[in-house]
Amino acid sequence: MIGYGDILKAVNGVLARLYPDIPRYSNENADSARPTYFFTEIIPSERKHESKNLLNLRAIVKITYVQRIPNQTDNLRKEREIFDALGMVQSFTDADTGLKRALLVRNYGAEYIGEEGNILQISMRFAWSECTTVESGLPVMERLDGSIERKEH
């Protein structure tokens, strides 16, 4: 099952490949952040049981780019480079099973936040479904015999 942490790890991996010299921070270590840096976070937005065996999940990933000295040209370049690197589909590795999966990057967008409106924040949405069937451990039926009779009235 793809977890929220798997998604955040993959997005941070993209940032690390693109910008190895720019540190990345998250909720755990934000207190030690010094500009210039990326702040990444994932916000679970929905968990909905479609059935007993199917769970639909949605999440929003936000990447905030905080510069020492605001530079809109650099912001626009970073936004384009990150968009291009993420592409339409992003690959993830399930931390529990090691299986690779691909999720569609939905509703990619960017805006400026902060008191001065000069801090770039990129957001993207992911939606996926997970099978929640639990193996019972009971023997599986291998053969079924039956007959059909027609009764006359």
Side-chain angles (χ1 to χ4, degrees), residues 1-34 36-66 75-114 119-153:
M1 185 156 135
I2 293 291
Y4 298 118
D6 299 327
I7 294 172
L8 195 58
K9 182 178 178 181
V11 170
N12 277 320
V14 169
L15 292 175
R17 282 192 305 278
L18 285 175
Y19 313 108
D21 298 333
I22 300 176
R24 291 159 313 284
Y25 295 94
S26 62
N27 291 328
E28 294 85 26
N29 57 4
D31 293 342
S32 61
R34 301 286 178 262
T36 296
Y37 65 89
F38 288 105
F39 178 82
T40 59
E41 62 183 321
I42 187 163
I43 303 161
S45 60
E46 183 177 291
R47 281 185 202 208
K48 183 173 85 174
H49 286 280
E50 193 70 32
S51 70
K52 175 182 171 183
N53 299 317
L54 185 64
L55 178 64
N56 290 331
L57 299 136
R58 297 183 188 281
I60 301 166
V61 173
K62 292 188 178 188
I63 302 169
T64 306
Y65 179 49
V66 180
N75 279 334
L76 293 170
R77 184 175 45 256
K78 294 284 190 292
E79 188 276 330
R80 182 182 42 79
E81 290 170 349
I82 292 168
F83 176 79
D84 291 346
L86 287 169
M88 190 172 102
V89 176
Q90 186 60 46
S91 295
F92 300 96
T93 302
D94 184 328
D96 296 331
T97 64
L99 296 174
K100 291 198 178 264
R101 292 204 27 209
L103 298 182
L104 187 63
V105 178
R106 299 175 175 261
N107 300 2
Y108 183 94
E111 63 183 332
Y112 288 95
I113 63 169
I119 298 172
L120 175 65
Q121 186 171 72
I122 297 167
S123 62
M124 65 212 75
R125 296 177 186 270
F126 293 94
W128 70 104
S129 298
E130 293 288 354
C131 177
T132 58
T133 304
V134 178
E135 296 294 325
S136 69
L138 297 173
V140 176
M141 179 173 43
E142 294 180 15
R143 182 180 164 148
L144 174 65
D145 292 322
S147 64
I148 299 175
E149 294 180 23
R150 182 177 175 183
K151 292 188 178 185
E152 299 291 327
H153 292 291

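Quick caveat, the model's predicted, so the values are computed rather than measured.
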Handout entry: Donor-acceptor contact present, side-chain Asn12 to main-chain Lys9, <3.5 Å
Key = no
Less than 4.5 Å apart, any side-chain heavy atom of [X] and any of [Y]?
| X | Y | result |
| --- | --- | --- |
| Val105 | Met88 | no |
| Tyr65 | Ile22 | yes |
| Tyr108 | Ile122 | yes |
| Ile63 | Arg24 | no |
| Leu8 | Thr40 | yes |
| Tyr112 | Leu120 | yes |

With rounding to the nearest 0.5 angstrom, report the [atom1] to [atom2] distance, [X] to [Y].
| X | Y | atom1 | atom2 | value |
| --- | --- | --- | --- | --- |
| Asn27 | Ile42 | CG | CD1 | 11.0 Å |
| Leu103 | Met124 | CG | CE | 12.5 Å |
| Ile2 | Trp128 | CD1 | CH2 | 8.0 Å |
| Asn107 | Arg58 | CG | CZ | 9.5 Å |

Kindly give the heavy-atom pair with the smallest separation between [X] and [Y], and that separation in Å.
| X | Y | value |
| --- | --- | --- |
| Arg47 | Tyr4 | NH2-CE1, 3.0 Å |
| Arg125 | Ile60 | NH1-CD1, 3.1 Å |
| Asp21 | Pro23 | O-CD, 3.6 Å |
| Glu50 | Asn56 | OE1-ND2, 2.6 Å |
| Ala59 | Ser45 | N-OG, 3.6 Å |
| Ser91 | Ala10 | O-CB, 3.8 Å |

Problem - NZ/NE/NH1/NH2 to OD/OE distance under 4.0 Å, Arg101 and Glu130 - result: yes
Practice task
With sequence neighbours left out, write down each residue that passes salt bridge (Lys or Arg N to Asp or Glu O under 4.0 Å) with Glu142, or none if nothing qualifies.
Solution key: none
Practice task
Mind checking salt bridge (Lys or Arg N to Asp or Glu O under 4.0 Å) for Arg106 and listing every partner two or more places apart, or none if nothing turns up?
Solution key: none
Output a table of donor-acceptor pairs, distance under 3.5 Å, between side-chain atoms of residues 76-87 and any protein atom two or more places apart or on a different chain; print 'none' if there are none.
residue, atom, partner, partner atom, Å
Arg77, NH2, Asp74, OD1, 3.2
Lys78, NZ, Asp74, OD1, 2.8
Glu81, OE1, Tyr19, OH, 2.5

